[in-house]
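Note sheet for the following structure.
Keep in mind that what you see is a predicted model, and the values were worked out from it rather than measured.
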Amino acid sequence: MSTMFKKVQNKFLRNIYNLPFLQHQAEIEYQKLVKMHIANLPLISAKDKSIVETLNSEGVVITSLAELGISSANKMFQSAQNLMHKISHSIIDDRSGFSVHATSQQMMKHPEIFLWGLEQRLINIVENYLSLPVAYHGAYFRRDIANQVVQKSRLWHIDKEDRKVLKIIVYLHDMNEDTGPFQYLPIPITESVAHLLKYHHGYIQDRTMQQVISPFHYKSCIGPAGTVVFAATGSIFHRGKLPVKSDRFAIFFDYTSRKQKLSFYSTSSLPKEDIALLAKNLSEKQKEYLLV
């Protein structure tokens, strides 16, 4: 299927889904599934409950690998820092490009990066946030180039793959306002802005955003290397701020429910054959998060 055809198909299906009657029916089905799954939600600590509660009220939690204290984090982070230096800094034949992803071959040489996203504690936090069984879409290792291109994820948007979408972002170097931090509008402000802009999907230019809200309300997620950002990207306007001082290196671990609202958006960070290879060494329970 060509990229252009897929874009047209996705736009058509998205417009169909936005019909009020279908949205109403989908909401009834969603609430039914959530109610059925409540008894099956995994138990989590008071600290992790606080993360979930803040995600539901604010949309973002900033912590660190050290604070989370997951034993495999050191190995994952060391591998990620080693891989940083192997990712190309040039974008070939694409003047509108601004990011370079680690290749699947590079990721398969460092499987501990992808597999960190399957740590049971993380999955349990995600499941309590989603209120439904988790689908893990993998780890996206990104180098965002310090250039002046303002496209796609550098524009304001809300992820629409599911009613709730969660990304866990790990910064691989110190992050400040000049190195491309993740920016967002808290949930109450996002709801107000979405109403004012009559927003349904797509990207919003910053000049349009500033017509309805002051940049004073923009929140930047900054911190030292090893900072971890839990971001409810299906509930908040967000963007990657333009890096101006240096390239940004970060890993994005992506999660939705297994019953995605828009299944035609379903993606994985690795090809199916690579996921099948990784799955051979996983427990049956872990495989459920991948093979959806």
Just wondering, more than 12 heavy atoms not from Leu43 lying within 6.0 Å of its CG?
no
Paired with Phe114, the ring-ring contact (aromatic ring centres under 6.0 Å, His included) test is passed by just one of Phe253, Phe141, Tyr136, namely Tyr136
Considering all heavy atoms, the nearest Val60-Ile62 contact
CG1-CG1, 4.1 Å
When you compare the side chain of Asp254 with that of Thr233, does any pair of heavy atoms fall below 4.5 Å?
no
Please determine if Lys164 forms a cation-pi arrangement with Tyr129, meaning its NZ or CZ atom is less than 6.0 Å from the six-membered ring centre and no more than 45° off the ring axis.
yes
Using links of under 4.5 Å between side-chain heavy atoms of ILVMFWY residues, direct or through other members, which residues join Ile38 in one cluster?
none
Heavy-atom side-chain contact between Thr256 and Leu130 under 4.5 Å
no
Applying side-chain hydrogen bond (donor to acceptor under 3.5 Å, both in side chains), can you list everything that pairs with Ser131, at least two apart in sequence or on another chain?
none
Within a strict 4.5 Å, meaning less than it, do heavy atoms of the Met108 and Leu278 side chains meet?
yes
So that I can tick it off, tell me whether Glu288 and Lys285 are bridged by a salt bridge, with the cut-off set at under 4.0 angstrom between side-chain N and carboxylate O.
no
Co-members of Leu196 in a cluster of I, L, V, M, F, W and Y side chains, linked at under 4.5 Å:
Trp156, Ile158, Leu185, Ile189, Val193, Leu197, Tyr199, Ile204, Met209, Val212, Ile213, Tyr218, Phe237
Hits for side-chain hydrogen bond (donor to acceptor under 3.5 Å, both in side chains) against Asn82, two or more places apart or cross-chain, chain-then-number order -> Gln78
Does a side-chain heavy-atom distance below 4.5 Å link Ser153 with Arg142?
yes
Contacts of Glu273 that satisfy salt bridge (Lys or Arg N to Asp or Glu O under 4.0 Å) - sequence neighbours left out
none
What's in the same ILVMFWY side-chain cluster as Met36, cut-off under 4.5 Å, chained through other members?
none
With salt bridge (charged side-chain N to carboxylate O under 4.0 Å, His left out) as the rule and sequence neighbours excluded, what pairs involving residues 103-119 come up?
none
Salt bridge (charged side-chain N to carboxylate O under 4.0 Å, His left out) contacts in which one or both residues fall within residues 231-251, not counting sequence neighbours:
Arg143-Asp247, Asp144-Arg248, Glu177-Lys241, Asp206-Arg239
For Leu83 and Ala102, the nearest pair of non-hydrogen atoms, with its separation, is CD2-CB, 4.2 Å
Can you tell me which residue pairs pass the salt bridge (charged side-chain N to carboxylate O under 4.0 Å, His left out) test with a partner in residues 45-70, sequence neighbours excluded?
Asp48-Arg121
Cluster membership besides Leu41, Ile/Leu/Val/Met/Phe/Trp/Tyr side chains within less than 4.5 angstrom, sorted by chain and number, is none
Under 3.5 Å, is there a donor on one side chain and an acceptor on the other for Glu27 and Gln31?
yes
According to the ring pair (Phe, Tyr, Trp, His ring centres under 6.0 Å) rule, which pairs have a member within residues 62-91, sequence neighbours left out?
none
Taking only residues two or more places apart in sequence or in another chain, which ones pass side-chain contact (heavy atoms from CB on, under 4.5 Å) with Ala73?
Leu65, Trp116
